[in-house]
Amino acid sequence: MHGGWWSYLRYDEEQGQPTVDRTLLRRVLGYGRPYVKPLVVVLATIIVISLVSLAPPLIMRQLLDVAIPEGIATGSLRGVTILGLLMVAVPVVNGVVGIVQRWASAAVGEGIIYDLRRQLFSHLHRMSLGFFTASRTGELMSRLNDDVVGAQNAVTGTFVTLASNMVTVALTLGVMLDLEWRLTLLAVAILPFFIVATRRVGKLLRVVRREQMEHNAAMNAHIAEALSVSGALLAKLFGRLESEEDRFEGEAAAVRDLGVRQALIGRWFFMALGVMSALGTALVFWFGAVLVIQGDLTIGTIVALSAYLVNLYGPLSALSNARVDFATSLVSFERVFEVLDLPHDIIEAPDAVELSNIQGAVEFDGVWFSYEESGSEGLEVVKRYSSREVITDAVQTRRSDEWALRDVSFRADPGELVALVGPSGAGKTTTTYLVPRLYDVTEGRVLLDGHDVRDLSLDTLAGAIGVVTQESYLFHNTIEANLRYAKPDATMAELEAAAGAANILEFINALPDRFHTVVGERGYRLSGGEKQRVAIARVILKNPRVLILDEATSHLDAQSEALIQDALERVMKDRTSLVIAHRLSTILAADRIVVLDRGHVVETGTHAELLDREGLYANLYRTQFRHAG
């Protein structure tokens, strides 16, 4: 730690005086409206606790000035006993009321956590595919966990503390002024020292708090990546275990150092408060002693006033920095709102059309598409808000003046099989992503049964289109649960029929737990061919009119490849199919072949027609497809 302990007390002058934005404040208060009743209970308990807490010094004053002298004079312990019972009653009453306050506060806090998490999850779930390809999962998890809890603490911690401090200061000052106004003014005279120390510390803590949250998010992101099945496998295969550990240690060390810095700042702050409190108490006792000697004051009054100083200095110092504390507590809300304010790229039209009898005609009409344009608004929103973005700077493989697709036009009639072929990077996958609106076209239209897909409801598209990707994703759940993702109310007979059509039923029945077998993280307990056949069964269960698939099976053994090809032939039957074709058998079966190159449709036709043209397809056939089976 360079520079010694004083390096922890650096002050970021650029941060300046934090301000509380009224729009932000109104938005935050909006989350409290559903919990007005428990909030009223919290405020009521604050008042009760503050009033009851005023009693002990007054009881002590009565004990010293009245009860003890009367007991000495009369020999009666009645007054002393009553005051002693009252002293015991104070913590009992405060404890009971505190339980009520904790219940009401927890109801508000946990309710706000639920509301924020639900909104965040729903908002993120509806972001376009481009958002997730450019995001780090750990960063998003940090917003859903750490920042949401921080926002809850702002409501149940900072807000409640501020209200409690205001009530305590008002009531304590009132009682102290009534007891002895001169000593009260003397006690308040040192308040400016509290203000200077508290504001400086508050600004420092705000800076440290945001840095800590950012490094926590980065650390969580690395944990999510490195400890996933894929991340752990990659690190082992490339011998990068130590480098991954070093990378994690770097982020963890930053979190550690900021935690130490925060602790030291707080320790110095409380030491300063202790010195100031001692100074105020000493002044009150000294001047109070002078008044007692002069016969203007009783000893009980001095003791009561000194006790009230404890209840006064802490809340006064906190209130002197209320603006900083309040703004600092809103950091978590700001970070949550950064995500909630990200615009959705894929938005359902207000008058979206629901299609009930879908035929499955798919048409691309002059489609242009650029990844540079897709999702750019969301990226800019995040960059305006945060130095360490939710969405990291994605590596752009295309310049802003380049297009992934250029004026693409072709048609697939109901029941037709259209094969998409072309060299790597030609735009085949991009083309298939535009049909289910994983992305939206930049220019032109993609039509389903004559309707622009942007005019159809998202439920219509989801129900009409089935996709089988080359890398099949399965949840860490049972085979049955993974299949039911396509049709939650499917019967066991339907599950078995879909599995049979996908050539996976025999394998499932051979498992000890059959359909209740857990497939593991991302389905890693299954082989590649088994995962893909489960994914095909899931699409069969969905029964879409339009099928989009990447039929690559080059990484599978011959038996798995044969089973998958047989299953694909069944699932494509009587459906409109867009297939990124890697096998000659699929190409030969296609009603139409669309040849893509650098985002252009360069050729269309049947296998024989395209061979006769001696163009790109003929070259691909000779170099790739002839031996692909």
Side-chain angles (χ1 to χ4, degrees), residues 359-367 404-435 446-448 465-470 503 529 532 536 539 544-556 558-629:
Q359 301 301 309
V362 176
E363 182 179 358
F364 280 67
D365 180 18
V367 169
L405 297 178
R406 297 170 175 266
D407 196 23
V408 170
S409 297
F410 67 88
R411 178 179 176 83
D413 290 322
E416 280 191 337
L417 167 59
V418 173
L420 304 178
V421 300
S424 178
K428 303 184 295 296
T429 300
T430 301
T431 300
T432 62
Y433 281 172
L434 297 179
V435 181
V446 176
L447 306 174
L448 176 62
I465 301 168
V467 181
V468 179
T469 59
Q470 184 174 349
N503 285 331
Q532 199 160 21
I536 292 171
V539 170
R545 287 299 308 144
V546 177
L547 180 67
I548 297 171
L549 58 92
D550 186 336
E551 61 148 16
T553 54
S554 57
H555 62 295
L556 302 177
Q559 181 180 7
S560 294
E561 182 178 353
L563 290 171
I564 288 172
Q565 286 304 129
D566 180 59
L568 290 177
E569 289 176 7
R570 297 180 189 178
V571 74
M572 287 188 293
K573 186 177 181 181
D574 298 325
R575 290 182 173 90
T576 306
S577 302
L578 295 180
V579 183
I580 300 176
H582 300 264
R583 292 174 50 84
L584 181 60
S585 59
T586 301
I587 295 171
L588 293 175
D591 297 289
R592 189 178 300 105
I593 301 169
V594 176
V595 185
L596 293 164
D597 185 28
R598 297 180 182 179
H600 290 280
V601 175
V602 293
E603 295 175 312
T604 58
T606 64
H607 171 71
E609 293 170 347
L610 296 177
L611 281 182
D612 290 341
R613 295 179 189 174
E614 287 295 329
L616 176 60
Y617 177 80
N619 182 54
L620 290 172
Y621 170 73
R622 285 189 290 266
T623 58
Q624 294 182 29
F625 299 133
R626 177 181 293 177
H627 306 292

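For reference, positions follow the sequence shown, starting with 1. Keep in mind it's a predicted model, so treat the numbers as computed, not measured.
Here the side chains of V467 and P544 are not in contact, with every heavy-atom distance at 4.5 Å or above. Considering only heavy atoms from C-beta on, L447 stays 4.5 Å or farther from V362 through its side chain. Taking the side chain as every heavy atom from C-beta outward, T432 and I580 approach each other to under 4.5 Å. V367 is not listed as a side-chain neighbour of D407, based on a closest heavy-atom distance of 4.5 Å or more. Side-chain atoms of I548 and I465, non-hydrogen and from C-beta on, do get closer than 4.5 Å to each other.
By the side-chain hydrogen bond (donor to acceptor under 3.5 Å, both in side chains) test, R545 pairs with no residue at all, sequence neighbours left out. With sequence neighbours excluded, no residue satisfies side chain to side chain contact (heavy atoms under 4.5 Å, CB included) with D612. The salt bridge (charged side-chain N to carboxylate O under 4.0 Å, His left out) search around D413 returns R411, not counting sequence neighbours. In this structure, the side chain to side chain contact (heavy atoms under 4.5 Å, CB included) partners of A589, at least two apart in sequence or on a different chain, are L417. Residues forming a ring-ring contact (aromatic ring centres under 6.0 Å, His included) with F410 (at least two apart in sequence, or on another chain): F364. D365 is linked by a salt bridge (charged side-chain N to carboxylate O under 4.0 Å, His left out) to R445, counting only residues two or more places apart in sequence or in another chain.
Counting only distance, with no hydrogens or angles, the side chain of K428 and the backbone of V579 share no donor-acceptor pair below 3.5 Å.
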Which donor-acceptor pairs under 3.5 Å do side chains of residues 593-608 form with protein atoms, sequence neighbours excluded?
from, atom 1, to, atom 2, distance (Å)
E603, OE1, Y617, N, 2.9
T606, OG1, E609, N, 3.3
H607, ND1, Y617, OH, 2.6

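Sorted by first and then second residue, the side-chain hydrogen bond (donor to acceptor under 3.5 Å, both in side chains) pairs involving residues 415-424 (not counting sequence neighbours) are E416-R592.
Between A419 and A590 the shortest heavy-atom distance is CB-CB, 3.8 Å.
Looking at L610, L616, I587 one by one, the single match for side-chain contact (heavy atoms from CB on, under 4.5 Å) with V421 turns out to be I587.
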### Query
Checking side-chain contact (heavy atoms from CB on, under 4.5 Å) for the pair L578/V435: CA distance, chi angles, key distance, verdict?
CA-CA 10 Å; L578 295 180; V435 181; 3.9 Å; yes
